[in-house]
There are 2 protein chains.
Amino acid sequence: MPTIAPQLAELAGLIADPGRARILSRLMDGRAQTASELALLAGITPQTASWHLSRLVQRALLKVERRGPRRLYQLATPLVAQMLEGMMTVAVTGPSRPPPRIDDQMRRARTCYDHLAGELGVAVTDAMLERGYLALDQDAGELTAAGVVFLGSLGLDLRSPARRRRALCRPCLDWSERRRHLAGRAGASIADLAFQRDWIRRRPQGRSVEITEAGLAAFRNLFGARI
Amino acid sequence: MPTIAPQLAELAGLIADPGRARILSRLMDGRAQTASELALLAGITPQTASWHLSRLVQRALLKVERRGPRRLYQLATPLVAQMLEGMMTVAVTGPSRPPPRIDDQMRRARTCYDHLAGELGVAVTDAMLERGYLALDQDAGELTAAGVVFLGSLGLDLRSPARRRRALCRPCLDWSERRRHLAGRAGASIADLAFQRDWIRRRPQGRSVEITEAGLAAFRNLFGARI
DNA sequence: GCAACGCTTCGATTGCGATCGAAATGTTCA
DNA sequence: TGAACATTTCGATCGCAATCGAAGCGTTGC
């Protein structure tokens, strides 16, 4: 009875190394990084990092792009990000885990591949739930008619890719807040909007984002988020 | 900058062993198995299996229940199943992976923790999509009004747990068919129904299920599934 | 063409985890 | 209480993968 267990084990083994795990979680925001940057981040020498990166690329967890003499690495597909997101969720949901000391900026606001996470992500999601724009349960979610109208008023048309379908969303379990927040196409659209309108800015390194003055006002007034 | 990378690596390391991976994928159907059965399945001695199982329990991937002199192991939470499902998806989505030889029965019909998968799961999902009962995209899904009515006619009331919310569903990427199929509360309800009405039966071992004569007729006539 | 730089390949070392035999523990039933 | 059985603990062995120094490769720019 051949199963996929060997492939599962192989995949897990690729993530099981601390250095590779650091690299992968750093790339969770979808941006690309050079090999040197990743080596520095992972606390290993460039040659070791190179070996790790080549394995990750070969197994198609990462893709690489040559930019001049340097190579830029990033997650191969959103599917990989989603998988890592699920693993992180379980990783912090453990039994009597020592409370994971998480970077304050990271906890405050960050991106989770394509959508908002941290206190900001949860606050926005809570506000949308309260206003009846959204329904989320354990493993599925739905934008209400009022929600479609609301996002439409912000200039987001979530019907664009496939007009026969309504706007779709899914819940993502936040590993710092241990609360569900909005992901999926709706979540990604809101994050895009926030960057476009300069409500949030990426910090030079790390996945955390900075909430601007305008952003704080927008999230509070437009969304009703308590943040 | 403390991150969750170490915990991610530790978790992955727990899945990275072939024996443990076999055990985990065997338990993906949510049922419990004894330590001996799992040892036999994984092809290792009972003492080695015991060591693996204790690690999995300690890290809260499994929970154990004592039934007389034997111990029954099963996945600790649905969250773990969902994580493994995501990993399996990536595990078979690799680049030039040698075509994973998958057990025929397994490919035909199986359960994925709480919902239908394999050809059967995909066929039922396709039929529901065609009839406009369902909308699925990359990472979210939605039951239409017609879908709620349809499932209601089968005796399924998906509003029960929380009446303020509509019936919710999510897509699950099938690792044998490489196609999306219905999961979430709606998917689980349909699978429950199928077991209750004896449309499908669990095979003594493994996660594959047998489609009964009545089941074949039901899936074809009631759902319009081409199977 | 040559130097500078980023990255990769090679080779040798090291440490940790998987494994199983042997023995201990625990549970049920007579 | 004692026998039968499932499971766990202990101890020793073994193999593999992570690591880094040194050297090689490839690209860019002068």
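Chain A is the first sequence line, chain B the second, and so forth, proteins listed ahead of strands; every chain is numbered from 1.
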Side chain of B:Q47 - closest among C:dC20, C:dG17, D:dA18: C:dC20
If each of A:I44 and B:S50 is mapped to the nucleotide of DNA chain D with the nearest heavy atom, which maps nearer the 5' terminus, i.e. the 5' end? B:S50
When you measure from the side-chain N and O atoms of B:H52 to the phosphate of C:dT19, is any distance below 4.0 Å, counting only OP1 and OP2? yes
Is there a side-chain polar atom (N or O) of B:R70 under 4.0 Å from OP1 or OP2 of C:dT28? no
Given atom CD1 of A:I15 and atom P of D:dA18, what is their separation to the nearest angstrom? 13 Å
Roughly, in whole Å, what's the span from CD in A:E65 to C1' in C:dG6? 16 Å
Nearest-angstrom distance from the residue atom CG of B:L14 to P of C:dC16: 18 Å
Testing D:dT8, C:dA18, D:dA6 for proximity to the side chain of B:R20, the answer is C:dA18
Just how far is it from atom CZ of B:R110 to atom CD1 of B:I200, taken to the nearest 0.5 Å? 12.5 Å
Name the atoms and distances for all side-chain donor-acceptor pairs under 3.5 Å in residues 69-78 of chain A, with sequence neighbours left out.
{"from": "A:T77", "atom 1": "OG1", "to": "A:L79", "atom 2": "N", "distance (Å)": "3.3"}
{"from": "A:T77", "atom 1": "OG1", "to": "A:V80", "atom 2": "N", "distance (Å)": "3.3"}

Think B:R67 has a side-chain N or O under 4.0 angstrom from the OP1 or OP2 of C:dT28? no
Less than 3.5 Å apart, which donor and acceptor atoms pair up between the side chains of residues 112-119 of chain B and the rest of the protein, not counting sequence neighbours?
{"from": "B:H115", "atom 1": "ND1", "to": "B:C112", "atom 2": "O", "distance (Å)": "3.1"}
{"from": "B:H115", "atom 1": "NE2", "to": "B:H181", "atom 2": "NE2", "distance (Å)": "3.3"}
{"from": "B:E119", "atom 1": "OE1", "to": "B:R108", "atom 2": "NH1", "distance (Å)": "3.1"}

Rounded distance (Å) that lies between atom C1' of D:dT8 and atom CG of B:L56: 15 Å
Length of the CG-P vector between A:L53 and C:dT9, whole Å: 11 Å
So which nucleotide from C:dT27, C:dT8, C:dG6 ends up closest to the side chain of A:P46? C:dT8
Please pick, from C:dT9, C:dT19, C:dT27, the nucleotide with the shortest atom-to-atom distance to any side-chain atom of B:D17. C:dT19
When you check the phosphate oxygens OP1 and OP2 of D:dC20, does a side-chain N or O of A:T48 lie under 4.0 Å from one of them? yes
Side chain of B:W51 (C-beta onward), nearest among C:dT19, C:dT27, D:dT19: C:dT19
Test: B:R178 cationic atom under 6.0 Å from B:W175 six-membered ring centre, within 45° of axis: no
Scan B:S54 against the nucleic acid and name what it touches under 4.0 Å (heavy atoms): base, sugar-phosphate only, or nothing. nothing
Please determine if a side-chain N or O atom of A:R71 lies less than 4.0 Å away from the OP1 or OP2 oxygen of D:dT27. no
B:Y73 side-chain proximity, nearest of C:dG17, C:dT27, D:dT8: D:dT8
Reckon B:R66 has a side-chain N or O less than 4.0 Å from the OP1 or OP2 of C:dT27? yes
Can B:D174 and B:R180 be said to form a salt bridge (Lys or Arg N to Asp or Glu O under 4.0 Å), step by step? CA-CA 6 Å; B:D174 201 291; B:R180 306 207 172 255; over 6 Å; no
I need the CG-P distance between A:L72 and C:dG6, as an integer number of Å. 13 Å
Taking atom C1' of D:dA6 as reference, at what distance in whole Å does atom CD of B:Q33 sit? 15 Å
When you compare the side chains of A:R207 and A:T111, does any donor N or O come within less than 3.5 Å of an acceptor on the partner? no
